[in-house]
Amino acid sequence: MNGSPRLHHVGIVLPSEEDAQTLMAVLELKEDYRGFVPHWSALCIFTKVAGGSPIEFVIPHRGPLERFNKGAGGLHHIALEVLDLSAHALALEAQGLKLLEPNPVKGAGPFLCNFLSPVYTRGLTIEFVQRLE
């Protein structure tokens with residue numbers, strides 16, 4: 001693989017934008033940016049960070065994530081940054097592991113992403129992110 005990946009963000013699914021705003025207030029977090037990812041039909045709100053990794057609040061809109069954790073939401077994934085997502089996918093395939101999508105997907109921010117199926121990680125969903133900047 002192409003070096004040790006670093007933590008890019010942690011993704012939490014919540015049923016509504018209001019729930020995200022409430023949790024951000026409780027945790028004293030501020031919004032940095034947001035974007036809609038049509039592939040997963042979800043609004044993604046990223047928080048500002050001071051020396052750590054952001055939290056991504058994922059709000060599904062009738063998409064595949066709407067029933068995550070029976071609709072209650074919760075911790076969904078950790079995202080690790082890699083230098084080259086395509087090369088990383090090939091390295092994983094060489095180990096017999098496959099990403100969920102055949103090609104990287106444009107994320108809610110300036111990055112491409114893809115997910116490793118939780119069948120390989122004892123239930124933990126791992127997102128791999130490649131910055132576009």
Side-chain angles (χ1 to χ4, degrees):
M1 292 191 215
N2 50 24
S4 296
R6 72 171 192 87
L7 184 63
H8 184 270
H9 68 269
V10 174
I12 298 173
V13 173
L14 292 173
S16 71
E17 188 174 346
E18 181 180 322
D19 291 326
Q21 296 297 334
T22 299
L23 188 52
M24 286 172 52
V26 167
L27 299 175
E28 298 181 358
L29 298 170
K30 302 290 182 205
E31 182 177 327
D32 187 16
Y33 63 92
R34 64 176 55 206
F36 189 80
V37 180
H39 189 80
W40 289 296
S41 189
L43 171 66
C44 301
I45 302 171
F46 283 81
T47 62
K48 292 182 181 180
V49 295
S53 296
I55 294 175
E56 173 193 24
F57 293 105
V58 179
I59 297 99
H61 291 280
R62 297 189 194 107
L65 296 171
E66 190 171 48
R67 292 187 311 249
F68 177 72
N69 198 19
K70 299 179 182 175
L75 180 62
H76 181 259
H77 66 270
I78 63 167
L80 302 174
E81 186 176 332
V82 297
L83 295 176
D84 183 332
L85 192 51
S86 295
H88 197 73
L90 289 173
L92 290 169
E93 284 181 26
Q95 298 178 53
L97 308 174
K98 290 191 176 193
L99 297 177
L100 292 179
E101 303 300 329
N103 298 301
V105 174
K106 172 66 174 78
F111 57 83
L112 297 174
C113 61
N114 208 333
F115 290 83
L116 182 63
S117 173
V119 301
Y120 302 118
T121 58
R122 300 173 90 33
L124 178 63
T125 302
I126 306 289
E127 178 182 18
F128 292 106
V129 171
Q130 175 187 328
R131 288 184 188 263
L132 292 174
E133 302 174 327

Testing the basics here: between [X] and [Y], what is the closest heavy-atom pair and its distance to 0.1 Å?
X      : Y      : answer
Tyr33  : Gly109 : CE1-CA, 3.5 Å
Leu7   : Ala79  : CD1-O, 3.5 Å
Leu75  : Val10  : CD1-CG1, 3.3 Å
Trp40  : Pro64  : O-CD, 3.6 Å
Ile45  : Ile59  : CD1-CD1, 3.8 Å
Pro104 : Leu112 : CB-CB, 4.0 Å

Do [X] and [Y] belong to the same hydrophobic cluster, where Ile, Leu, Val, Met, Phe, Trp and Tyr are linked whenever their side-chain heavy atoms lie under 4.5 Å apart, directly or via other members?
X      : Y      : value
Leu85  : Leu97  : yes
Val49  : Val129 : no
Tyr120 : Leu124 : yes
Leu23  : Leu29  : yes

- Item | Lys48 NZ: over 12 foreign heavy atoms closer than 6.0 Å | no
- Query: Considering residues, nucleotides and ligands other than Arg6, do more than 12 of their heavy atoms fall under 6.0 Å from its CZ?
  - Reply: yes
Can you tell me how far [atom2] of [Y] sits from [atom1] of [X], rounded to the nearest 0.5 angstrom?
X      : Y      : atom1 : atom2 : answer
Leu116 : Ile78  : CG    : CD1   : 10.5 Å
Ile12  : His76  : CD1   : NE2   : 11.5 Å
His8   : Phe46  : NE2   : CZ    : 6.5 Å
Leu14  : Leu65  : CG    : CG    : 11.5 Å
Phe128 : Asn114 : CZ    : CG    : 9.5 Å
Leu43  : Ser16  : CG    : OG    : 10.5 Å

- Backbone N or O of Ala72 within a donor-acceptor pair of the Asn69 side chain at under 3.5 Å? no
- Message: Test your reading of the model: is there a side-chain donor-acceptor pair from Thr47 to the backbone of Ile55, 3.5 Å cut-off?
- Response: yes
- Message: Is there a side chain to side chain contact (heavy atoms under 4.5 Å, CB included) between Met24 and Phe57? Walk through the geometry before answering.
- Response: CA-CA 9 Å; Met24 286 172 52; Phe57 293 105; 3.3 Å; yes
- Item | Candidate pair Leu80 and Ile126, rule side chain to side chain contact (heavy atoms under 4.5 Å, CB included), full reasoning | CA-CA 7 Å; Leu80 302 174; Ile126 306 289; 4.0 Å; yes
- Given side-chain hydrogen bond (donor to acceptor under 3.5 Å, both in side chains), test Glu66 with His61 step by step and report yes or no. CA-CA 7 Å; Glu66 190 171 48; His61 291 280; over 6 Å; no
Decide whether [X] and [Y] meet the rule of one side-chain donor and one side-chain acceptor closer than 3.5 Å.
X     : Y      : answer
His39 : Glu101 : yes
His77 : Glu56  : yes
Thr22 : Asp19  : no

- Query: Charged N to carboxylate O under 4.0 angstrom, Arg34 versus Glu17?
  - Reply: yes
- Basic-acidic side-chain contact under 4.0 Å: Arg131, Glu81: yes
- Message: Checking Pro118 now: which residues fulfil side-chain contact (heavy atoms from CB on, under 4.5 Å) with it, not counting sequence neighbours?
- Response: Thr121, Thr125
- Message: Working note: Leu99 + Leu92, criterion side chain to side chain contact (heavy atoms under 4.5 Å, CB included); need CA distance, chi angles, decisive distance, verdict.
- Response: CA-CA 8 Å; Leu99 297 177; Leu92 290 169; 3.7 Å; yes
